[in-house]
K.L.:
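My questions all concern the structure below.
Along the sequence shown, residues carry numbers from 1. Note that the coordinates shown come from a computational prediction; the quantities given were computed from them, not determined experimentally.
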Amino acid sequence: MKSFILTTTFIVAASATVSAKTNNQKVLATGYPYTQVPFTSVKIEHNSFWGARLKAAREVTVPLAFSKCESEHRYKNFDMAAYTLKHPGHPGLQTPEWDVAKFMGFSFDDTDVYKTIEGASYILQTYPDKKLKAYIDSVLNVVAAAQEPDGYLYTARTINPEHPHAWSGKKRWVKEEDLSHELYNLGHMVDAACAHYQATGSHKFIDIARRYADCVCREVGSASGKTTVVPGHQIAEMALARLYTLTGEKRYLDEAKYLLDFRGKTSFRNAYSQSHKPILEQDEAVGHAVRAGYMYAGIADVAALTKDSAYIKTVDRIWQNIYGKKVYLTGGVGARHTGESFGNNYELPNMTAYNETCAAISMVYLNERMFLLHGESKYIDCLERTLYNGVISGMSMDGGRFFYPNPLSSDGKFAFNADNNTTRQPWFGCACCPSNLCRFIPSVPGYLYGVKDNNIYVNLFAANTSTIQVGGKDVVLEESTQYPWDGDIQIRVAKSAAKNVNLLVRIPGWVQNQVLPSDLYKYSDTAKPAYTVSINGKKVDADLAANKGYLPVKNIKKGDVVRIHFDMPIRTVVANKNVKADEGRVAVERGPIVYCAEAADNQGEPVLRAVMSKQPSFDLVDNYKIQNTETKGAPAFAVKAITTQAQMLEDAANGVSVKSQKLTLIPYYAWNHRGANQMNVWFVQSLKMLDK
């Protein structure tokens, strides 16, 4: 079939009326006691740790994703749906062969387009680009042309409604709880449309998304005449809550709450999709880890907006289960390849860990919301751990190759990755992780700060300039730091039109000798890192427990300079004795960074056989260069590496020999840039494990 991308570029999407609140860029209160400072207010320094990640996303990841939307026929699906709408009598509609098999991949493939637009929208805020904005507009014309007159937008059905995609069912919504992903598509569309509107002020995408959301509100629910289903793959819940805060239209919030309230109450019940019981009865993280994380984040959103204490208690106890029994040291979740799912309590295997990149992203969403609910630093501690380890490991430093799973050890042979691969891949048939990174990485500036009353919460540390609203007045902060490589941070108050403003500095858990806010992991060395916070040279001190893990710097004014120092010793970590996979083993971290050893840095030695001493000593190596040989032409990049003396077990003629050797460790996120080889996070330290 002829491509209609060029012709549909000139089609104007039908426009719905957006409320005055949206026209004026005013967003309703989210209901949370604490407020996230939006990505539009935070400018990351280009030559910084996160500046490099944003640059890779802007220059490589997002353009690659858009190109894949073309080459993998994502746009073509919209074109074909638009053609069907224009030619409803086409004879091909009577046959299942009418070009569907050529172009339709998965029923959720439309979301690759939405997620890429979302990431590109975030990028536009940091890097204004008229060509990129125009390109997004042209793509939105393609999307709009595929929308049915009543707002329904799901190419898997519209292309050939008589013979839709095999996962879609004969009628709308009938297979939603199983495989159709109609509401999942809605969720990503709405999230992307909200981001696009916030970044550009354009109504183009938000109007399309609202028309589909309105269709869902009319057709899906518990009232007579509606189809009573809940999402098979959650995300619509938090997207509809976001749409409510943007438009003020309560029907979106009501629909989000319905989608949660009826979970476990329909005829389709399955732990895989967390529909095995009503959410208020759930107390353990189970099933597909991405679906779960999105749902828990949605519960938090609806809890905040409706002040539903039962919802809050539910998400609190599930969070406690995850961070007490089911999260990896890297902040990743999802122990099992089967079902891409959580395992049992303390089931945390290393080489066979799934730890899907999307699941790590969902944990960032969840922990940010837990902070917004409770204002406690422990949630940002967990967010930070996931961000620096479990999330960015999913994308190569150049931005062009991706992990689906993220194991904590590799023999260089086990096909831990999707599509039976042992290295990062340039794309996947099921491309949810690359496109999710497209939308997530550019949104990171929005996680740096929070606000409540006259308090600004410094949650994450990164070089940036931010304009933060406190009581309707601007406070401009200029932060400089090399974090996470060192613990020195300076924040200068460049402007403050507000009075009596306090800066609350998060003192990370790793500084306070706490790996996680549970007993799942603990430090095994004797280090006692110190920290200092001063304003204009005068030390500030306070009771951290009384301030939920934050140190208040009171009454900041224009010209004030706040200096923060965190000691960053190299630490060893052991796991709870119930984690059998880590028994007798030790891991290494420094600051928020988890380290691993890779054969490529250790003369090709089998690092899975490395034994670390009971009281290891470490040296820090500055500016350690790692060459990215997986991507042609990609430049080398520098990290801080760690070295220590270890014993290597080797096969010998008369049994096993032991030799002493320097072991080099690199940040976990940096592994696998030199091809498939051995990697390990947890090192044997005790032969007790052999007694089992």
K.L.:
Tell me, please, which residues at least two apart from R506 pass salt bridge (charged side-chain N to carboxylate O under 4.0 Å, His left out).
P.N.:
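Salt bridge (charged side-chain N to carboxylate O under 4.0 Å, His left out) check on R506 returns D381, E384.
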K.L.:
Measure the shortest side-chain to side-chain distance between K452 and T35 over non-hydrogen atoms and say whether it is less than 4.5 angstrom.
P.N.:
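Side chain of K452 against side chain of T35, heavy atoms only: no contact under 4.5 Å found.
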K.L.:
Centroid-to-centroid, W510 to Y523, below 6.0 Å?
P.N.:
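No, too far apart.
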K.L.:
Check whether any side-chain heavy atom of Y595 lies under 4.5 Å from a side-chain heavy atom of N389, and answer yes or no.
P.N.:
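Sidechains of N389 and Y595: no contact.
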K.L.:
Does a sphere of radius 6.0 Å around NZ in K307 hold more than 12 heavy atoms from other residues, nucleotides or ligands, not counting ones at 6.0 Å or beyond?
P.N.:
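More than 12 heavy atoms, drawn from other residues, nucleotides or ligands, come within 6.0 Å of this atom.
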K.L.:
Looking only at side chains, do N406 and T357 share a donor and an acceptor under 3.5 Å apart?
P.N.:
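The criterion, which ignores hydrogens and geometry beyond distance, is satisfied for T357 and N406.
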K.L.:
List in chain and number order the residues that pass side-chain hydrogen bond (donor to acceptor under 3.5 Å, both in side chains) with D474, two or more places apart in sequence or in another chain; answer none if no residue qualifies.
P.N.:
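Listed in chain order: Q469.
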K.L.:
So among F461, Y388, Y483, which one has a ring pair (Phe, Tyr, Trp, His ring centres under 6.0 Å) with W50?
P.N.:
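That would be Y388.
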K.L.:
Indicate, with yes or no, if the rings of Y457 and Y449 have centres closer together than 6.0 Å.
P.N.:
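Aromatic pair excluded; centres sit 6.0 Å or further apart.
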K.L.:
Are the side chain of Q512 and the backbone N or O of I507 linked by a donor-acceptor pair below 3.5 Å?
P.N.:
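Looks like yes, one N/O pair under 3.5 Å.
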K.L.:
Go through the side-chain N and O atoms of R401 and N628 and say whether any donor and acceptor fall under 3.5 Å apart.
P.N.:
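No, N628 and R401 have no side-chain donor paired with an acceptor closer than 3.5 Å.
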K.L.:
Got L448 and I44 here, is their nearest side-chain heavy-atom distance under 4.5 Å?
P.N.:
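Counting from C-beta outward, L448 and I44 do come under 4.5 Å.
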K.L.:
Between K640 and D622, is the closest basic N to carboxylate O distance under 4.0 Å?
P.N.:
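Counted as a salt bridge, because a side-chain N and a carboxylate O are separated by less than 4.0 Å.
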K.L.:
So do H673 and S396 actually touch side chain to side chain, heavy atoms under 4.5 Å?
P.N.:
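Yes; the side chains approach each other to less than 4.5 Å.
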K.L.:
With a 3.5 Å cut-off and no angle check, do the side chains of D601 and Y624 form a donor-acceptor pair?
P.N.:
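On atom types as modelled, these side chains qualify, holding a pair under 3.5 Å.
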K.L.:
Applying side-chain contact (heavy atoms from CB on, under 4.5 Å) between L551 and each of D543, L503, V533, report the one that passes.
P.N.:
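It is V533; the other options fail the test.
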K.L.:
Please enumerate all residues that pass side-chain hydrogen bond (donor to acceptor under 3.5 Å, both in side chains) together with E118, with sequence neighbours excluded.
P.N.:
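Only Y122, R439 meet the side-chain hydrogen bond (donor to acceptor under 3.5 Å, both in side chains) criterion with E118.
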K.L.:
Strictly below 4.0 Å, N to O, side chains only: are R674 and E598 in salt-bridge contact?
P.N.:
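Looking at R674 and E598, the cut-off is met.
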K.L.:
If we ignore angles and hydrogens, is there a donor and acceptor under 3.5 Å between the side chains of D560 and N536?
P.N.:
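Present: a donor and an acceptor within the cut-off.
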K.L.:
Can you name the residues that form a salt bridge (charged side-chain N to carboxylate O under 4.0 Å, His left out) with D541, not counting sequence neighbours?
P.N.:
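D541 satisfies salt bridge (charged side-chain N to carboxylate O under 4.0 Å, His left out) with no residue once adjacent residues are dropped.
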K.L.:
What pairs with K55 under salt bridge (charged side-chain N to carboxylate O under 4.0 Å, His left out), at least two apart in sequence or on another chain?
P.N.:
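Result, salt bridge (charged side-chain N to carboxylate O under 4.0 Å, His left out) vs K55: E59.
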K.L.:
Relative to the ring of F205, is the ring of Y114 parallel (under 30°), tilted (30 to 60°) or perpendicular (over 60°)?
P.N.:
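Tilted.
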K.L.:
Donor-acceptor pairs under 3.5 angstrom involving side-chain atoms of residues 369-377: please list them, not counting sequence neighbours.
P.N.:
| unit_1 | atom_1 | unit_2 | atom_2 | d |
| --- | --- | --- | --- | --- |
| R369 | NE | D301 | OD1 | 2.9 |
| R369 | NE | D301 | OD2 | 3.1 |
| R369 | NH1 | Y365 | O | 3.2 |
| R369 | NH2 | D301 | OD2 | 3.3 |
| H374 | NE2 | D316 | OD1 | 2.8 |
| S377 | OG | K548 | O | 3.2 |

K.L.:
Is the backbone of A462 close enough, under 3.5 Å, to the side chain of E479 for a donor and an acceptor to pair up by distance?
P.N.:
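The answer is yes, because a donor-acceptor pair under 3.5 Å joins these two groups.
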K.L.:
Between E589 and R385 (salt bridge meaning N to carboxylate O under 4.0 Å), is one present in this structure?
P.N.:
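Between R385 and E589 there is a salt bridge, with a charged N closer than 4.0 Å to a carboxylate O.
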K.L.:
Is there a side-chain contact between R424 and M395 (heavy atoms, below 4.5 Å)?
P.N.:
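Not touching, per the 4.5 Å side-chain cut-off.
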K.L.:
Going by atom types only, do N464 and E45 share a side-chain donor-acceptor pair under 3.5 Å?
P.N.:
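E45 and N464 do not have a side-chain donor-acceptor pair below 3.5 Å.
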